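Excluded from the calculations below are hydrogen atoms, water molecules and symmetry mates; all remaining heavy atoms, backbone and side chain alike, are included. Both counts, for ligands and for their atoms, begin at 1 and track the order of listing. Here the structure is a predicted model, which is why all the values come from computation and not from measurement.
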Amino acid sequence: MAKLNENYLNLKESYLFSEIAHRVDKYISIHPDTKIIRLGIGDVTLPIGSTMIDALHEGVDAMTSSSTFKGYGPERGYDFVRNSIVEYYKRNGVSIEADEIFISDGAKSDTGNITDLFDKDNIVMVPDPVYPVYVDTNTMDGRNIIYIDANADNQFLPMPDSNVHADIIYLCSPNNPTGATYNKEQLKTWVDYALANNSIILFDAAYEAFITDEALPRSIFSIDGAKKCAIEFCSLSKTAGFTGIRCGYTIVPKALTVTASTGALMSLNAMWNRRQSTKFNGVSYIVQKGAAAAFSEKGMQQSRQNIKYYQENAKIIANCLAKKNVRFFGGVNSPYIWFECPNEMESWAFFDYLLENVQVVGTPGAGFGKNGQNFFRLTSFGNRENTIEAMERIENLL
Ligand SMILES: *Cc1c(COP(=O)(O)O)cnc(C)c1O
């Protein structure tokens with residue numbers, strides 16, 4: 001009989017979005033003529049800029065002739081994409097090398113697959129509330145997870161406790177779901193902690209393009225010492241609208257090494273290359289053409305227009321909450337607005353309250369961890385008219 005990975009028995013039912021859909025469907029079945037506005041969406045909605053679209057077409061056209069046809073690509077991704085990422089980081093004042101970059105089909109796969117490099121016997125530190133992928137992928141491997149509290153007292157930016165040891169630390173900044181973003185000083189504290197504890201930081205920078213405050217770090221590698229203790233995950237999903245096209249990249253510095261129990265010095269860059277080339281055959285040439293265009297001056301400009309549109313939505317949401325004296329986080333350097341449910345309401349009760357009274361759908365904070373129990377997430381990925389209308393309805397209700 002096949003023996004299964006029984007760690008799957010320890011996974012919590014992922015019922016957040018199915019429960020939301022269930023409650024909304026039930027409401028619609030009773031009130032078929034109401035207009036529901038969804039501000040719970042965690043996916044981009046605007047079309048992709050023409051520079052990327054043209055490049056994707058060029059990628060397709062290359063397949064039509066044997067002189068330009070492309071089969072399997074290089075293991076880490078095509079040089080033309082990796083070089084454009086090196087240039088992009090350089091423009092942001094961060095120096096990385098092309099062979100430290102691995103092109104992938106997205107940050108979700110990479111943040112999940114990276115666990116292949118680590119023994120089961122590691123203490124994994126995860127903030128609460130959290131993007132559920134970090135927790136579930138480690139649970140699947142049977143790893144112990146310790147949580148650090150992100151709450152209103154620390155502005156949802158938890159800092160390390162020198163008395164608590166962790167081997168692997170997940171940080172996401174700008175954060176999903178809270179929108180909170182670490183400054184350089186705070187990230188430096190995390191890097192120093194990791195260096196002192198010989199731990200590794202897994203840094204999820206999926207929302208770096210939403211940072212407007214020039215002083216905030218877009219990459220952990222803008223912090224001294226980070227190349228000795230951190231891996232960075234990035235994605236074109238939220239930055240260039242590639243959620244459906246699928247492309248991301250992971251940066252594993254060559255300086256990141258760990259001494260094995262045998263005494264051998266192991267390079268995580270070499271291990272990740274081995275892992276990827278064994279279990280993954282790369283992202284299509286077509287998609288990589290589109291990705292390289294996303295890092296070009298013109299492509300960036302077009303994507304920035306989309307981000308600006310979402311940021312304007314975020315401002316509309318934030319202004320309404322501020323007017324109503326609702327305490328909120330995020331919304332400035334992030335597409336997410338995370339706010340305290342009025343009158344100490346529990347987040348699912350508040351979900352029902354909004355649905356029943358103003359037909360606006362958001363995401364209950366409880367779905368991201370215990371510290372989300374009295375919080376609620378709205379996103380700026382909707383369209384302008386709906387965002388305005390939803391916030392007018394909420395303003396009248398609260
Ligand atoms: C959306 C998102 C990603 C991006 O995932 P892809 O697989 O690249 O689409 C990564 N991390 C977080 C926290 C996200 O919200």
Side-chain angles (χ1 to χ4, degrees), residues 14 16-17 39-46 48 52 77 81 85 88 101-115 124-138 150 156-158 169-182 201-211 218-220 230-251 276 280 282-284 287-288 290-291 294-295 303 306-307 310 314 329-331 333-338 362-363 365 367-369 371-372 377-382:
S14 142
L16 176 62
F17 291 100
L39 293 188
I41 184 166
D43 193 356
V44 296
T45 52
L46 293 172
I48 291 164
M52 281 68 81
V81 197
I85 293 170
Y88 173 59
I101 302 170
F102 297 81
I103 307 299
S104 75
D105 62 343
K108 188 181 198 171
S109 338
D110 284 4
T111 51
N113 293 334
I114 199 79
T115 55
V124 176
M125 182 183 268
V126 167
D128 172 343
V130 71
Y131 181 56
V133 174
Y134 316 148
V135 172
D136 288 351
T137 53
N138 279 290
F156 287 93
L157 294 169
I169 302 150
Y170 285 85
L171 297 178
C172 175
S173 175
N175 190 269
N176 177 12
T178 69
T181 308
Y182 282 111
I201 295 173
L202 302 177
F203 190 76
D204 187 339
Y207 295 96
E208 56 89 10
F210 283 81
I211 291 177
R218 290 160 162 262
S219 164
I220 194 155
I231 293 174
E232 179 158 293
F233 302 92
C234 296
S235 171
L236 279 78
S237 283
K238 318 305 178 351
T239 57
F242 273 42
T243 50
I245 292 177
R246 310 300 311 139
C247 195
Y249 56 99
T250 290
I251 301 170
Q276 288 298 78
F280 180 61
V283 179
S284 76
V287 166
Q288 293 193 61
F295 291 102
S303 298
N306 285 5
I307 289 172
Y310 299 134
F329 301 84
N333 299 292
S334 154
Y336 299 118
I337 295 94
W338 177 254
T363 312
F368 300 101
N371 288 321
R377 191 189 77 174
L378 291 179
T379 88
S380 59
F381 289 129

task: Examine the proximity of ligand 1 to Y207 and report which part, side chain or backbone, both or neither, has a heavy atom under 4.0 Å away.
output: side chain
message: What's the separation between atom OG1 in T181 and atom CZ in F329, rounded to the nearest 0.5 Å?
response: 12.5 Å
query: Does the N or O separation between T243 and ligand 1 drop below 3.5 Å for any pair?
result: no
- request: Just jot down the ligand 1 atoms closer than 4.0 angstrom to any heavy atom of G106, in number order.
  value: 7 (O), 8 (O)
query: Would C172 count as a contact of ligand 1 if the rule is a heavy atom under 4.0 Å away?
result: yes
message: Check contact between D204 and ligand 1, using heavy atoms of the residue and a distance below 4.0 angstrom.
response: yes
message: Check whether D128 reaches the backbone of N371 with its side chain - one donor and one acceptor, N or O, closer than 3.5 Å.
response: yes
message: I need the contact type for A206 against ligand 1. Using non-hydrogen atoms and a strict under-4.0 Å cut-off, is it side chain, backbone, both or neither?
response: side chain
query: Hey, does the side chain of Y207 reach the backbone of G179 with a donor-acceptor pair shorter than 3.5 angstrom?
result: no
task: Please report the closest heavy-atom contact between S303 and M52, naming both atoms and the distance.
output: OG-CE, 3.4 Å
message: Out of all atoms in ligand 1, which are within 4.0 Å of some heavy atom of K108? Include the element for each.
response: 5 (O), 6 (P), 7 (O)
field: ring-ring contact (aromatic ring centres under 6.0 Å, His included), paired with Y134, selected from F368, F203, Y170, F233
entry: Y170
- prompt: F381 and side-chain contact (heavy atoms from CB on, under 4.5 Å): which partner among L46, V44, L39, T243?
  reply: V44
Nearest protein heavy atom with distance in Å, relative to atom 9 (O) of ligand 1: S237 OG, 2.6 Å
task: Output yes when a side-chain donor or acceptor of Y182 lies under 3.5 Å from a complementary backbone atom of P158, and no otherwise.
output: yes
message: Under 4.0 Å from a heavy atom of K238: which atoms of ligand 1 are those, numbered in the order shown and with their elements?
response: 1 (C), 2 (C), 3 (C), 4 (C), 14 (C), 15 (O)
- request: State whether the shortest distance between N or O atoms of Y336 and N or O atoms of ligand 1 falls below 3.5 angstrom.
  value: no
message: With no hydrogens and no angle check, just 3.5 Å: does a side-chain donor-acceptor pair link S219 and E232?
response: yes
field: Distance from atom 7 (O) of ligand 1 to nearest protein heavy atom, with residue and atom
entry: R246 NH2, 2.7 Å
